[in-house]
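Here the structure is laid out as structure tokens; the discussion comes afterwards.
Residue numbers count from 1 along this sequence. Everything numeric here is computed off the predicted structure, so don't read it as measured data.
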Amino acid sequence: KAIYKLAAKHQEHIAVYGTGNELRLTGKHETASIDQFSFGVANRGASVRIGRDTESEGKGYFEDRRPSSNADPYLVTGKIMATIMEDVDAPIVEALNRAEA
């Protein structure tokens with residue numbers, strides 16, 4: 001559910017994820033497109049990467065790969081927590097296949 005909530009607020013997150021992301025998040029070179037949210041297991045080309053252990057165990061962590069190196073980590077963490085704790089009408093998003101990245 002947390003990943004679907006992040007998908008629903010993708011543009012809000014991009015707005016606080018640092019400057020210059022439009023140059024970095026091109027959808028090429030193991031980055032996701034700035035215009036579209038995606039997630040996948042062990043997929044470094046997705047917006048959010050889920051580790052193999054997390055998938056197999058049904059619990060664990062995920063990595064939001066969208067924040068830039070100049071993003072304020074407190075703003076990023078606050079935005080992620082606010083989104084996943086909020087009651088958001090979140091659409092179901094299909095996971096990316098590794099071959100699609």
Side-chain angles (χ1 to χ4, degrees):
K1 287 186 175 182
I3 290 174
Y4 301 139
K5 290 179 179 184
L6 291 172
K9 297 206 168 202
H10 175 67
Q11 290 305 322
E12 287 182 32
H13 282 255
I14 291 296
V16 298
Y17 278 7
T19 59
N21 265 342
E22 68 282 355
L23 302 173
R24 186 177 65 83
L25 296 176
T26 62
K28 300 176 183 173
H29 312 293
E30 294 187 327
T31 66
S33 169
I34 196 168
D35 299 316
Q36 183 177 357
F37 180 87
S38 60
F39 74 96
V41 175
N43 188 332
R44 293 175 54 179
S47 303
V48 173
R49 186 183 69 82
I50 301 168
R52 291 185 198 281
D53 292 343
T54 300
E55 180 193 37
S56 65
E57 296 174 17
K59 60 183 179 181
Y61 70 94
F62 58 81
E63 172 191 2
D64 191 338
R65 298 179 51 81
R66 299 172 294 171
S68 65
S69 61
N70 63 13
D72 181 328
Y74 297 102
L75 292 177
V76 170
T77 303
K79 186 66 177 169
I80 291 171
M81 291 305 297
T83 297
I84 65 175
M85 301 303 284
E86 187 178 322
D87 187 20
V88 175
D89 186 23
I92 303 298
V93 179
E94 294 296 321
L96 282 180
N97 182 320
R98 279 189 55 111
E100 295 176 30

Are any non-hydrogen side-chain atoms of L6 and F62 less than 4.5 angstrom apart?
yes
Connected via hydrophobic side-chain network under 4.5 Å: M81 and I3:
yes
Which distance, rounded to the nearest 0.5 Å, do you find between the CD1 of I84 and the NZ of K9?
12.5 Å
If every non-hydrogen atom of N21 is compared with every non-hydrogen atom of S68, which pair is closest and at what distance?
OD1-CB, 3.3 Å
Less than 4.5 Å apart, side chain to side chain, heavy atoms only: is that true for D53 and Y61?
no
How close do R52 and V41 get, heavy atom to heavy atom, and via which atoms?
CA-CG1, 4.1 Å
Close side-chain approach of D64 to Y17, heavy-atom, < 4.5 Å:
yes
If you take all heavy atoms of G18 and A71, which pair is closest and at what distance?
N-CB, 3.9 Å
Heavy-atom side-chain contact between H13 and I80 under 4.5 Å:
yes
Are the side chains of F37 and Y4 in touch, meaning some heavy atoms are under 4.5 Å apart?
no
Are R66 and I14 close enough, and set up right, to give a side-chain contact (heavy atoms from CB on, under 4.5 Å), and what steps lead you there?
CA-CA 7 Å; R66 299 172 294 171; I14 291 296; 4.1 Å; yes
Euclidean distance, R24 CZ relative to T26 OG1, rounded to 0.5 Å:
9.5 Å
Under 4.5 Å between side-chain heavy atoms, hopping through other hydrophobics if needed: is there a path connecting M85 to V48?
yes
Looking only at side-chain N and O atoms, does S47 offer a donor or acceptor that is under 3.5 Å from a partner on H10?
no
Only one of E30, E63, H29 passes side chain to side chain donor-acceptor pair (under 3.5 Å) with R44; say which it is.
E30
Give, for atom CD of E86 and atom NZ of K5, the distance between the pair rounded to the nearest 0.5 Å.
8.0 Å
When you measure from the side chain of T77 to the backbone N and O of Y74, does any donor-acceptor pair fall under 3.5 Å?
no
Of all heavy-atom pairs linking S38 and G45, the shortest is OG-O, 4.3 Å
